[in-house]
Trainee: 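Let me begin by handing over the structure; questions about it come next.
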Amino acid sequence: MRKNLYKTLAGISLCACIMALTACGGTGDAAADDPEQEQTVTVTEKETPEDAEETEEASVEVQERELSAEEAEALQAAQIRHYYSGVLSELTAAWRLPDMEVDTSSLEGGFGEMRDNSFAVTDIDGDGREELIISYANASMAGMFEVIYDYDPKTEQLRQEFLQFPSIAYFDNGVISAQASHNHSRGMDFWPIDLYRYQAEQDAYEWIGYVDTWGRSWSEFFDADESKPFPEELDVDGDGILYNIQTGSPDAISYDYEEYCHNKADYEEWYQEIMAGADEIQIDREPLEYVSFADFTAHYLSMLADYANIGRTDTETDLGLLILKNEEEYFLDASKKLLTESYEVVIEQPYPDGEEYTVGVVDGKEIFSFTELNAGYLGYEKEKVGDVTIFGIYPGLSVDAAWKKLKAYGFYASPYGEVENCLITGEGFGNICVTFLEENGRVTTISAGPFCAFAG
């Protein structure tokens, strides 16, 4: 029987919680709404049982508490970064983005590492919500790009806001100057650029115009078209450069010779009218590696735990909360220490050839299990031991109550779970999976551990 349970727990955790899966990160039911309004989050408080049979379930009942505007704003900001952590996890671990494949030739060829690329999380468009900027330059010229993603926690939608070659300057008036990947113009003294301006009404960047040049030196060096010599009569300032300024449509840019009719003063007047004295924004970029965004998910889940723990008196014996502190101490070791010191649980190794698997025995019954496969996971079954819970749930708790308690900590239904009651806090690195079995509407077996959909 024990061997079958071991296989069941391993199957649940490995298939539903640990195995590599494909998807964009998500945050599920924990979304915060407009920070300017009062918000609510589920928290846990004591309840009074209506009869003796409900005593076990009475220790933690999910309630709602209003958040202040400041709390709601902070929670929403943390939630957005948590979501971006999922996007960055997918790129660093699976070498892809939610909405597109990326050029991995340099990575596969050993010409560089993912960390040679960079990212930033900042409110680049000034709409009050942080965007994710990814600069992907460790690739072939055709595969290089810089993308801006915007995640809206109200709609739970990720949207690509901007995509161009990664030679971009951002300005504090919402303008972006994007240099072309190649200079196919007739000028060597000025690199072709496209200008874009952020439009708040559409929450999008609108193309303003394109500029390239025709230079006398280019014509002399390449002897390009003898029938079209450099038009000296148009070069009023005599600097040997004429500008092609296009403002019609990005799909109808003309490179005809007659378009090169503007002098430097014309270009500067046009450019300054757009820029209106704006300053360039200096972006703090981080190497594209897990250590650069490791605190995003941890911070968000910790905030939710702080709210969910309000009113609870048993948080010191919650094994799930030890997973949140996994960086401080390996949660399986911390769980064993808590159980042996406070509940006289005996740790045994039931199988000589299964060093990665141990159990916690209480009064001759194997109640807890500890499996050191992948990131590790723990099991809890049969009956409740003292005040020991996993994110507030325990064997014997009703299924409805278990879902309410887990949602309070940011869990939502996993789209990949192979059993009905499989919940995760997100899909990027640093997330957690809890899976439980039920019988007659009651929780029977619980499995929990760290989770990432893109690592395996």
Trainee: Report, as yes or no, whether the 6.0 Å neighbourhood of atom CD on Glu439 holds more than 12 heavy atoms from other residues, nucleotides or ligands.
Mentor: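 Check fails, neighbour count at 12 or below.
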
Trainee: Taking the side chain as every heavy atom from C-beta outward, state whether Phe119 and Leu132 have any atom pair closer than 4.5 Å.
Mentor: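 Heavy-atom side-chain distance check passes, below 4.5 Å.
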
Trainee: Show the numbers, then the answer: is there a side-chain contact (heavy atoms from CB on, under 4.5 Å) between Thr297 and Asn431?
Mentor: CA-CA 7 Å; Thr297 289; Asn431 282 288; 3.6 Å; yes

Trainee: Any non-hydrogen side-chain atom of Phe391 less than 4.5 Å from a side-chain atom of Ile432?
Mentor: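 Yes, their side chains come closer than 4.5 Å.
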
Trainee: Answer yes or no: is there a donor N or O on one side and an acceptor on the other, between the side chain of Asn421 and the main chain of Thr435, under 3.5 Å?
Mentor: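 Not confirmed, Asn421 side chain does not pair with Thr435 backbone.
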
Trainee: Within this structure, what is the CD-OH distance for the pair Glu427 and Tyr416, rounded to the nearest 0.5 Å?
Mentor: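 Atom-to-atom, Glu427:CD and Tyr416:OH are 4.0 Å apart.
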
Trainee: Kindly determine whether Tyr151 and Tyr149 satisfy side-chain contact (heavy atoms from CB on, under 4.5 Å), including the steps that lead there.
Mentor: CA-CA 7 Å; Tyr151 175 70; Tyr149 284 116; over 6 Å; no

Trainee: Check whether any side-chain N or O of Asp116 sits under 3.5 Å from a backbone N or O of Glu113 as a donor-acceptor pair, and report yes or no.
Mentor: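 Yes, the answer is positive, given that a donor and an acceptor are paired below the 3.5 Å cut-off.
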
Trainee: What distance separates Ile148 CD1 from Glu131 CD, expressed to the nearest 0.5 Å?
Mentor: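 Between Ile148 CD1 and Glu131 CD, I get 7.0 Å after rounding to 0.5 Å.
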
Trainee: Salt-bridge test for Lys365 and Asp363: reply yes if a basic N is under 4.0 Å from a carboxylate O, no otherwise.
Mentor: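 Salt bridge flag = no for Asp363 with Lys365.
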
Trainee: Is the Phe429 ring parallel, tilted or perpendicular to the Tyr290 ring (thresholds 30°, 60°)?
Mentor: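 Rings of Phe429 and Tyr290: tilted, as their planes differ by 30° to 60°.
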
Trainee: With no hydrogens and no angle check, is any side-chain donor or acceptor of Tyr377 less than 3.5 Å from a backbone partner on Cys433?
Mentor: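 It does not hold such a pair.
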
Trainee: Show the nearest heavy-atom pair for residues Phe454 and Ala93, with the distance to one decimal.
Mentor: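 Here Phe454 and Ala93 meet closest at O-CB, 3.4 Å.
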
Trainee: Ignoring hydrogens and angles, tell me if any N or O in the side chain of Asp318 forms a donor-acceptor pair with the backbone of Gly392 under 3.5 Å.
Mentor: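 Yes: the side chain of Asp318 pairs with the backbone of Gly392.
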
Trainee: Within the 4.5 Å heavy-atom criterion, are Tyr210 and Pro192 side-chain neighbours or not?
Mentor: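 Answer yes - side chains close enough.
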
Trainee: Evaluate the criterion side-chain contact (heavy atoms from CB on, under 4.5 Å) for residue pair Leu304 and Leu75; output intermediate values, then yes/no.
Mentor: CA-CA 8 Å; Leu304 289 177; Leu75 183 61; 3.9 Å; yes

Trainee: Do the rings of Tyr300 and His82 sit parallel, tilted or perpendicular, given the 30° and 60° boundaries?
Mentor: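 Parallel.
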
Trainee: Is it true that, when you exclude Glu348 itself, more than 12 heavy atoms of the residues, nucleotides or ligands shown sit nearer than 6.0 Å to its CD?
Mentor: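 Buried by this count: over 12 neighbours within 6.0 Å.
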
Trainee: Say you draw a straight line from CH2 of Trp95 to CE of Met114; how long is it, rounded to the nearest 0.5 Å?
Mentor: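 These two atoms lie 6.5 Å from each other.
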
Trainee: Is there a side-chain hydrogen bond (donor to acceptor under 3.5 Å, both in side chains) between Ser398 and Asp400? Walk through the geometry before answering.
Mentor: CA-CA 5 Å; Ser398 72; Asp400 288 345; 5.8 Å; no

Trainee: How long is the straight-line distance from CZ of Arg312 back to CG of Leu321, given to the nearest 0.5 Å?
Mentor: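 Taking CG in Leu321 and CZ in Arg312, the distance rounds to 6.0 Å.
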
Trainee: Are any side-chain N or O atoms of Thr92 and backbone N or O atoms of Ser89, one a donor and one an acceptor, separated by less than 3.5 Å?
Mentor: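 Such a contact is found between Thr92 side chain and Ser89 backbone.
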
Trainee: Could you tell me whether the side chain of Ser335 and the main chain of Phe331 form a donor-acceptor pair under 3.5 Å?
Mentor: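 At least one qualifying donor-acceptor pair exists.
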
Trainee: Do Arg96 and Glu101 make a side-chain contact, defined as non-hydrogen atoms from C-beta onward lying under 4.5 Å apart?
Mentor: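 SC-SC contact between Arg96 and Glu101 confirmed.
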
Trainee: Got a donor-acceptor contact below 3.5 angstrom from the Asp172 side chain to the Ile281 backbone?
Mentor: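 Not a single qualifying donor-acceptor pair exists.
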
Trainee: Taking the six-membered ring for Trp, are the ring centroids of Phe296 and Tyr84 within less than 6.0 Å of each other?
Mentor: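 Between Phe296 and Tyr84, the centre distance exceeds or equals 6.0 Å.
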
Trainee: The test is side-chain hydrogen bond (donor to acceptor under 3.5 Å, both in side chains); show your working for Gln349 and Thr358 and say whether it passes.
Mentor: CA-CA 5 Å; Gln349 185 178 325; Thr358 54; over 6 Å; no

Trainee: Which atom names give the shortest non-hydrogen contact between Ser177 and Phe171, and what distance separates them?
Mentor: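 Looks like CB-CE1, 4.0 Å.
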
Trainee: If you count every heavy atom of other residues, nucleotides or ligands that lies below 6.0 Å from Glu316 atom CD, does the total exceed 12?
Mentor: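 It does not: Glu316 CD has 12 such atoms or fewer within range.
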
Trainee: Trp403 vs Phe436 aromatic rings, parallel, tilted or perpendicular, using cut-offs 30° and 60°?
Mentor: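 Geometry flag for Phe436 against Trp403: perpendicular rings.
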
Trainee: Has Glu327 got more than 12 heavy atoms of other residues, nucleotides or ligands less than 6.0 Å from its CD?
Mentor: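 Open.
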
Trainee: So which atom in Tyr170 and which in Ile133 form the shortest heavy-atom distance, rounded to 0.1 Å?
Mentor: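 Looking at all heavy atoms of both residues, the shortest contact is OH-CG2, 3.8 Å.
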
Trainee: Check whether any side-chain heavy atom of Leu97 sits under 4.5 Å from a side-chain heavy atom of Val87, and report yes or no.
Mentor: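 They are in contact (side-chain heavy atoms under 4.5 Å apart), so the answer is yes.
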
Trainee: How long is the straight-line distance from OH of Tyr205 back to CG of Asp125, given to the nearest 0.5 Å?
Mentor: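 Result: 4.5 Å between the selected atoms.
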
Trainee: Go through the steps to decide whether Asn309 and Tyr409 satisfy the test side-chain hydrogen bond (donor to acceptor under 3.5 Å, both in side chains), and finish with yes or no.
Mentor: CA-CA 9 Å; Asn309 287 342; Tyr409 288 93; 2.6 Å; yes

Trainee: For the backbone of Gly209 and the side chain of Thr247, can you confirm whether one donor and one acceptor N or O come within less than 3.5 Å of each other?
Mentor: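 Not at all, since once roles are kept as given, no pair shorter than 3.5 Å links the two residues.
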
Trainee: Are the side chain of Asn117 and the backbone of Leu288 linked by a donor-acceptor contact shorter than 3.5 Å?
Mentor: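 Not confirmed, Asn117 side chain does not pair with Leu288 backbone.
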
Trainee: For His299 and Ala78, work out which heavy atoms get closest and say how close.
Mentor: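 Looks like CD2-CB, 3.9 Å.
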
Trainee: Any non-hydrogen side-chain atom of Val102 less than 4.5 Å from a side-chain atom of Phe145?
Mentor: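 Yes; the side chains approach each other to less than 4.5 Å.
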
Trainee: If you round to the nearest 0.5 Å, how far is CG of Leu195 from CD1 of Ile176?
Mentor: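 Between atom CD1 of Ile176 and atom CG of Leu195 there are 10.0 Å.
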
Trainee: Can you name the closest pair of heavy atoms from Arg285 and Ser118 and give their distance?
Mentor: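 Heavy atoms of Arg285 and Ser118 come nearest at CD-OG, 3.8 Å.
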
Trainee: If we ignore hydrogens and angles and just use 3.5 Å, is the side chain of Ser249 paired with the main-chain N or O of Asp251 as donor and acceptor?
Mentor: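 The answer is yes, because a donor-acceptor pair under 3.5 Å joins these two groups.
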
Trainee: Between Asp150 and Arg129, does the salt bridge (Lys or Arg N to Asp or Glu O under 4.0 Å) criterion hold? Intermediate values first, please.
Mentor: CA-CA 8 Å; Asp150 175 56; Arg129 188 170 63 223; 2.8 Å; yes

Trainee: Is there a donor in the side chain of Tyr330 and an acceptor in the side chain of Glu372, or the other way round, less than 3.5 Å apart?
Mentor: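 No, because no side-chain N or O of Tyr330 sits under 3.5 Å from a partner of the opposite role on Glu372.
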
Trainee: Is there a side-chain contact between Ile347 and Leu339 in this structure, where contact means two heavy atoms from C-beta onward sitting under 4.5 Å apart?
Mentor: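 They are not in side-chain contact.
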
Trainee: Does Tyr380 form a side-chain contact (heavy atoms from CB on, under 4.5 Å) with Val385? I'd like the steps, not just the answer.
Mentor: CA-CA 9 Å; Tyr380 187 10; Val385 174; 4.1 Å; yes

Trainee: List the atom of Pro98, the atom of Leu158, and the distance in Å for their closest heavy-atom pair.
Mentor: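 Pro98 and Leu158 have their closest heavy atoms at CG-CD2, 4.0 Å.
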
Trainee: Would you check, one step at a time, whether the test salt bridge (Lys or Arg N to Asp or Glu O under 4.0 Å) holds for Lys337 with Glu329?
Mentor: CA-CA 11 Å; Lys337 181 179 179 181; Glu329 182 180 8; 5.1 Å; no

Trainee: So, do Met144 and Phe165 sit near enough that their side-chain heavy atoms are less than 4.5 Å apart?
Mentor: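 Contact flag for Met144/Phe165 side chains = yes.
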
Trainee: Quick check: are there more than 12 heavy atoms from other residues, nucleotides or ligands sitting under 6.0 Å from CD of Glu344?
Mentor: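 No, not enclosed.
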
